[in-house]
There are 2 protein chains.
Amino acid sequence: MKIGELSAATGCPIETIRYYEKEGLLPGAARSEGNYRIYNTSHRDRLTFIRRCRSLDMSLDEIHHLLLLQKTSGENCAGIDHVIEQHLSHVSERIRELQGLKRQLAELLAQCSAPGKTDDCGILKGLTGGSNEDKRGGHVPRTHR
Amino acid sequence: MKIGELSAATGCPIETIRYYEKEGLLPGAARSEGNYRIYNTSHRDRLTFIRRCRSLDMSLDEIHHLLLLQKTSGENCAGIDHVIEQHLSHVSERIRELQGLKRQLAELLAQCSAPGKTDDCGILKGLTGGSNEDKRGGHVPRTHR
DNA sequence: TTGAAACCCTGAAGCAACTCCAGAGTCAAG
DNA sequence: CTTGACTCTGGAGTTGCTTCAGGGTTTCAA
């Protein structure tokens, strides 16, 4: 199949397919006379795999790693298990961070509507470094993604 | 104060300070004879504000917007309230997405350890497009951050 | 057969929000 | 006067794509 058909079959945009090839995630395809890429079902399966991993928010590096393990470690599942576990802990970490943010944002909103008078916005005060307990030391490390 | 002092005072890296200036978030500083940037306390307050917003995971665009509102709408707090609310809903959305991912990853891990025999990894099967209900239609839109 | 539409190719640039680097100038202390 | 700490500018690198310019190829209908 040509790239457009692979794209239709997997839901992955054409440019992204070419990008994965350039990045070494997809092996280079055979070429037709007119220099068109020609794919087979194993390409399709691999692309499906990649897209599924991406939809789980794994980085291309993680996926790369997974593809290597898939090739080399014929039987033992441990390495793969480990990659997934690690990714899961990334995701959990990020959820915790975002829940912290959510709480802080809700507090800010409360500061705004709470006092009867709104001469100058409580939110702005909150943001400029006023009274919140953990204003320093914030700096969420932006772990991954 | 010079840029290094401002950096120390706010915890913001020097390069980032220059970057904010280039992006128009910080007004250009006065210059010394030797062409060093010279900052005052109002710069420091503004930078603190920006960093606090960033630590709440707002985009530079949102912060820009907020700074404009701060200048123009002397008294009414509504616009600012709105920006924060909208950002809060971004964050909530992202949390929901990540919780979905977390659930799927946990399922994958279960597939691995569940069967007594591990001839070929259940995780890999799960990832290559096998049996999970919502394998298509995934495509988390990566809303923002 | 021709010619227009639909498809494909490459390489480069753009996005966010920085970070890091090279190569050079400035300033304070010893 | 030299050393080292600090600062300057402009440009490239990061991630995972997307968009674009400027072409070639295939296919289908008139």
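Each chain gets a letter, A, B and so on, in the order its sequence line appears, and its residues count up from 1.
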- prompt: Can you tell which of dT7(D), dC8(C), dG16(D) lies closest to the side chain of Ile14(A)?
  reply: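 Nearest nucleotide to the side chain: dC8(C).
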query: Are His90(B) and Gln86(B) close enough that a side-chain donor and a side-chain acceptor fall under 3.5 Å?
result: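 Gln86(B) and His90(B) do not have a side-chain donor-acceptor pair below 3.5 Å.
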query: Hey, are Asp61(B) and Ser59(B) close enough side-chain-wise for a donor-acceptor pair under 3.5 Å?
result: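 No, no side-chain donor-acceptor pair sits under 3.5 Å.
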Under 4.0 Å protein heavy-atom contact, by nucleotide of nucleotides 24-30 of chain C - B base, S sugar-phosphate only: -BBS---
Spacing of [X] atom [atom1] relative to [N] atom [atom2], expressed in whole Å:
X        : N       : atom1 : atom2 : value
Met58(A) : dG16(D) : CE    : C1'   : 16 Å
Tyr20(B) : dT19(C) : OH    : P     : 8 Å
Leu56(A) : dG16(D) : CG    : P     : 14 Å
Ile63(B) : dA16(C) : CD1   : C1'   : 12 Å
Arg54(B) : dT19(C) : CZ    : P     : 9 Å
Lys22(B) : dC20(C) : NZ    : P     : 15 Å
Ile3(A)  : dG24(D) : CD1   : C1'   : 15 Å
Arg31(B) : dT9(D)  : CZ    : C1'   : 10 Å

Should [X] and [Y] count as an ion pair when the cut-off is N to O under 4.0 Å?
X        : Y        : answer
Arg94(B) : Glu97(B) : yes
Arg96(B) : Glu93(B) : yes
Arg51(B) : Asp57(B) : no

field: Touch class at under 4.0 angstrom, heavy-atom based, for Arg18(B) against every strand present
entry: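 Answer is base: heavy atoms of Arg18(B) come under 4.0 Å of a base.
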Among Ile80(A), Leu60(A), Val83(A), the one residue meeting side-chain contact (heavy atoms from CB on, under 4.5 Å) with His65(A):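 Looking at Ile80(A), Leu60(A), Val83(A), the match for His65(A) under the side-chain contact (heavy atoms from CB on, under 4.5 Å) is Val83(A).
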Side-chain N or O of Tyr19(A) closer than 4.0 Å to phosphate OP1/OP2 of dT15(D):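 No, Tyr19(A) has no side-chain N/O under 4.0 Å of OP1/OP2 on dT15(D).
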- request: May I ask you to evaluate whether Arg37(A) reaches the phosphate of dC7(C), defined as a side-chain N or O under 4.0 Å from OP1 or OP2?
  value: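 Looking at the OP1 and OP2 atoms of dC7(C), neither is under 4.0 Å from any side-chain N or O of Arg37(A).
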When rounded to the nearest 0.5 angstrom, what distance separates [atom1] in [X] from [atom2] in [Y]?
X        : Y        : atom1 : atom2 : result
Leu25(B) : Arg54(B) : CG    : CZ    : 10.0 Å
His43(B) : Leu6(B)  : NE2   : CG    : 8.5 Å
Leu88(A) : Asp81(A) : CG    : CG    : 10.5 Å

message: To the nearest 10°, give me the bend of the helix from dT1(C)-dA30(D) to dG30(C)-dC1(D), comparing the axes of its five terminal pairs at either end.
response: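 The end-segment axes of the helix from dT1(C)-dA30(D) to dG30(C)-dC1(D) are tilted 30° relative to each other.
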